[in-house]
Amino acid sequence: MESLQKEHDRLLNKSNLSKPLASIDKILSALTTARAQISSDPTNTTATVITLAKLQNQINPTIAHLNDDQKEIHSALTKYGKALDKKFKAAASASTDYEPLNGDRESGLINRAIAMHLIREGSFDVASMFLQEAEEKGEMLDVEDGLTREFRDLYDILDAMKVRRDLGPAIQWARNKATSLDARGSNLEFELCRLQYIWYFMGGEIGGVGNKRALEYARKEFVRFQDKYLPEIQKLITAFAFLRDIHTSPYAHLFSDPERMWTDVSRSFTKEFCSLLGLSAESPLYIAATAGAIALPTLLKMTSIMKEKNTAWSTVNELPVEIPLPPRYQFHSIFVCPVSKDQTTETNPPMMLPCGHVIAQDSLHRLAKGGSQVTLKCPYCPKESTAVQAKRVYL
C-alpha cells in the first residue's frame, strides 16, 4: 500500500487548481476587454486588427501555462489510476445460472436485512425512510414496530457509558432484565457493577472522593453477588490494602486498563441486549458482506481455473474450495468425511461407529454393501461392526 499512498499524496500535491483557475480568469478578462474595445468602434477595421493582435500576444503565454498545469494534474491522476489498477486488479464478474437472490421472496429478505442493519447501526431516520419507500412499493418487510424504540434505548445507554462514563442506565436495565439474563447464565449485571467499583476506585468520580465512594459502593452492591462471585469480590476489596501502589500489587491486573474494560463491557452489554431481542450481536448483513469479501478473491480465481479447464461448479449447497474465515465468522462446526473427503450435510450426516470413529453416511453405506446387518471393518481401526450399530452425530 506504500506505493499507492505515495501516488495519492502526489495527486493531492499536484491537484491544486488555484493556478489553472487564475489563468482561466485572466483569459476571460482579456477576452471581455477585447470584445468591449471592438464593440465600441466596430467599423474601424485597423483598430480591430490591432486589438486582436494584442489579445493573441496576451493570452498565448497564459494558455501555455494553463496547459502545463493541466499536464501535471493529468500525469498525477494517470499514475494514481495505474497504481489503483495494479493494487486492485479488476476481475470479470463470474457468470452462473444459479441466482438464488433473484426471486421476489429473496428480494424481500434482502431489503429486510438492509432495514434491520440500518436500525441496528442507529440510522433510524434512514431506516424509517427505507421502510416507507418499501411499503409504497407494496413490500412488507416484517420489521417489528418496537424494534426501533428498543435500539434507541440501546444507543442512549451506550452513549451514557462511552461518553459520560455513566453506568447507571445500563445497571438499571440489567436489573430490570435480571430474570431473563439469569436464565441465559449471563453475568452482565456483575460486570457492570464491578466496572463501576473499579471506576470509583481509580478516582474516576469528580471531586477526588472516588476511593471512599468505591468502598461504600462495594458494601451496598456486592452483597447480592457474593454467592456466585465471592472470590472475585474478595480480590476487589483486598486491593484497598495496596491503594497507594496498586499497579505493583498482586491485583494490578484487575485495574491495569480501565479504558479496555469500558470497551469490553460495552460489547458485552450490546451482545446481551441483542440476545434478549432474539438477534445476533452483530448485523447479519455486515457479517455476510464481510465474509463474502474475504471469500470472493478465492472464488474468482477458482472460477477462472474452471473456465480454463472447461469444468463446472456442480453443487449449489457447497463451495468448491475451502474458504478460511476468521474465528469470529465461524458459527458452527462442520465435519469432512475422512474416507470420501466430502463435507457432511443433512442428507449425508456424520455417523459414529461403535469404535468411536466417525464417517459420512454415504461412506458407511458403501462399506456395508450387503445391507445393514453385514459386518464391516472400520477404515481406521481393526474393530468390526454393522451399519445398524452406527449412530448419527449432531454438530
How many angstroms lie between [atom1] in [X] and [atom2] in [Y], if you round to the nearest 0.5 Å?
{"X": "Thr148", "Y": "Asp153", "atom1": "OG1", "atom2": "CG", "value": "11.0 Å"}
{"X": "Ile233", "Y": "Gln226", "atom1": "CD1", "atom2": "CD", "value": "6.5 Å"}
{"X": "Ser23", "Y": "Asp68", "atom1": "OG", "atom2": "CG", "value": "10.0 Å"}
{"X": "Ile63", "Y": "Ile27", "atom1": "CD1", "atom2": "CD1", "value": "4.5 Å"}
{"X": "Leu195", "Y": "Tyr200", "atom1": "CG", "atom2": "OH", "value": "10.5 Å"}
{"X": "Lys177", "Y": "Arg184", "atom1": "NZ", "atom2": "CZ", "value": "13.0 Å"}

Nearest non-hydrogen partners of [X] and [Y], listed with the distance:
{"X": "Ala239", "Y": "Phe255", "answer": "CB-CE1, 3.6 Å"}
{"X": "Ile359", "Y": "Val339", "answer": "CG2-CG2, 3.8 Å"}
{"X": "Cys337", "Y": "Ala360", "answer": "SG-N, 3.3 Å"}
{"X": "Glu191", "Y": "Ser268", "answer": "OE1-OG, 3.4 Å"}
{"X": "Met351", "Y": "Val393", "answer": "C-CG2, 4.4 Å"}
{"X": "Lys377", "Y": "Leu367", "answer": "O-CD1, 4.4 Å"}

Between [X] (side chain) and [Y] (backbone), is there a donor-acceptor pair under 3.5 Å?
{"X": "Tyr155", "Y": "Glu121", "value": "yes"}
{"X": "Arg392", "Y": "Pro350", "value": "no"}
{"X": "Tyr80", "Y": "Gln5", "value": "no"}
{"X": "Asn348", "Y": "Gln361", "value": "yes"}
{"X": "Asn60", "Y": "Gln56", "value": "yes"}
{"X": "Ser385", "Y": "Pro354", "value": "no"}
{"X": "Thr78", "Y": "His74", "value": "yes"}
{"X": "Ser75", "Y": "Lys71", "value": "no"}
{"X": "Thr33", "Y": "Ser29", "value": "yes"}
{"X": "Tyr197", "Y": "Leu236", "value": "yes"}

Describe, in one word, how the ring planes of [X] and [Y] are oriented to each other, choosing from parallel (under 30°), tilted (30 to 60°) and perpendicular (over 60°).
{"X": "Trp262", "Y": "Trp199", "result": "perpendicular"}
{"X": "Tyr229", "Y": "Phe190", "result": "parallel"}
{"X": "Phe222", "Y": "Phe225", "result": "perpendicular"}

Applying side-chain contact (heavy atoms from CB on, under 4.5 Å) to Ile119 and Phe130, what does each step give before you reach the verdict?
CA-CA 10 Å; Ile119 293 173; Phe130 184 85; over 6 Å; no

Determine, using the 4.5 Å side-chain heavy-atom cutoff (strictly less than), whether [X] and [Y] are members of one ILVMFWY cluster.
{"X": "Val126", "Y": "Leu141", "value": "yes"}
{"X": "Leu131", "Y": "Met129", "value": "no"}
{"X": "Ile334", "Y": "Ile294", "value": "no"}
{"X": "Phe240", "Y": "Ile246", "value": "yes"}
{"X": "Met202", "Y": "Leu192", "value": "yes"}

Can you check whether [X] reaches [Y] side chain to side chain, under 4.5 Å on heavy atoms?
{"X": "Lys309", "Y": "Ile305", "result": "yes"}
{"X": "Met306", "Y": "Met302", "result": "yes"}
{"X": "Pro250", "Y": "Phe242", "result": "yes"}
{"X": "Thr248", "Y": "Asp245", "result": "yes"}
{"X": "Cys381", "Y": "His357", "result": "yes"}
{"X": "Leu243", "Y": "Phe201", "result": "yes"}
{"X": "Ser304", "Y": "Leu300", "result": "no"}
{"X": "Glu150", "Y": "Leu277", "result": "yes"}

Distance flag, aromatic centroids of Phe151 and Phe124, threshold under 6.0 Å:
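No, they do not, as the ring centres are separated by 6.0 Å or more.
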
I would like to know whether Val143 and Met116 meet side-chain contact (heavy atoms from CB on, under 4.5 Å); could you show each step before the answer?
CA-CA 7 Å; Val143 176; Met116 293 286 289; 4.2 Å; yes

Going through the checks in order, is the side chain to side chain donor-acceptor pair (under 3.5 Å) test met by Gln37 and Ser40?
CA-CA 5 Å; Gln37 290 175 353; Ser40 64; over 6 Å; no

Salt bridge [X]-[Y], side-chain N to carboxylate O under 4.0 Å:
{"X": "Arg165", "Y": "Glu259", "answer": "yes"}
{"X": "Arg260", "Y": "Asp264", "answer": "yes"}
{"X": "Glu221", "Y": "Arg175", "answer": "yes"}
{"X": "Glu189", "Y": "Arg224", "answer": "yes"}

Applying salt bridge (Lys or Arg N to Asp or Glu O under 4.0 Å) to Glu282 and Arg120, what does each step give before you reach the verdict?
CA-CA 8 Å; Glu282 288 190 272; Arg120 293 171 66 108; over 6 Å; no

One pair to check against side chain to side chain donor-acceptor pair (under 3.5 Å): Thr344 and Asp342. What are the steps and the verdict?
CA-CA 6 Å; Thr344 54; Asp342 292 333; over 6 Å; no

Passes side-chain contact (heavy atoms from CB on, under 4.5 Å), Leu181 versus Leu276? Steps please.
CA-CA 8 Å; Leu181 292 173; Leu276 295 190; 4.0 Å; yes

Does atom CD of Gln70 have more than 12 heavy-atom neighbours from other groups under 6.0 Å away?
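More than 12 heavy atoms, drawn from other residues, nucleotides or ligands, come within 6.0 Å of this atom.
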
Sort out for me which residue in Glu232, Lys228, Gln234 forms a side-chain contact (heavy atoms from CB on, under 4.5 Å) with Leu230.
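The passing option is Gln234.
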
Could you walk me through whether Asp182 and Ser186 satisfy the side-chain contact (heavy atoms from CB on, under 4.5 Å) test, starting with their C-alpha distance in whole Å, then the side-chain angles of each, then the deciding distance to 0.1 Å, before giving a yes or no?
CA-CA 6 Å; Asp182 289 342; Ser186 170; over 6 Å; no

Can Asp125 and Ser123 be counted as having a side-chain donor-acceptor contact under 3.5 angstrom?
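Their side chains do not contain a donor-acceptor pair, so the 3.5 Å distance test is not met.
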
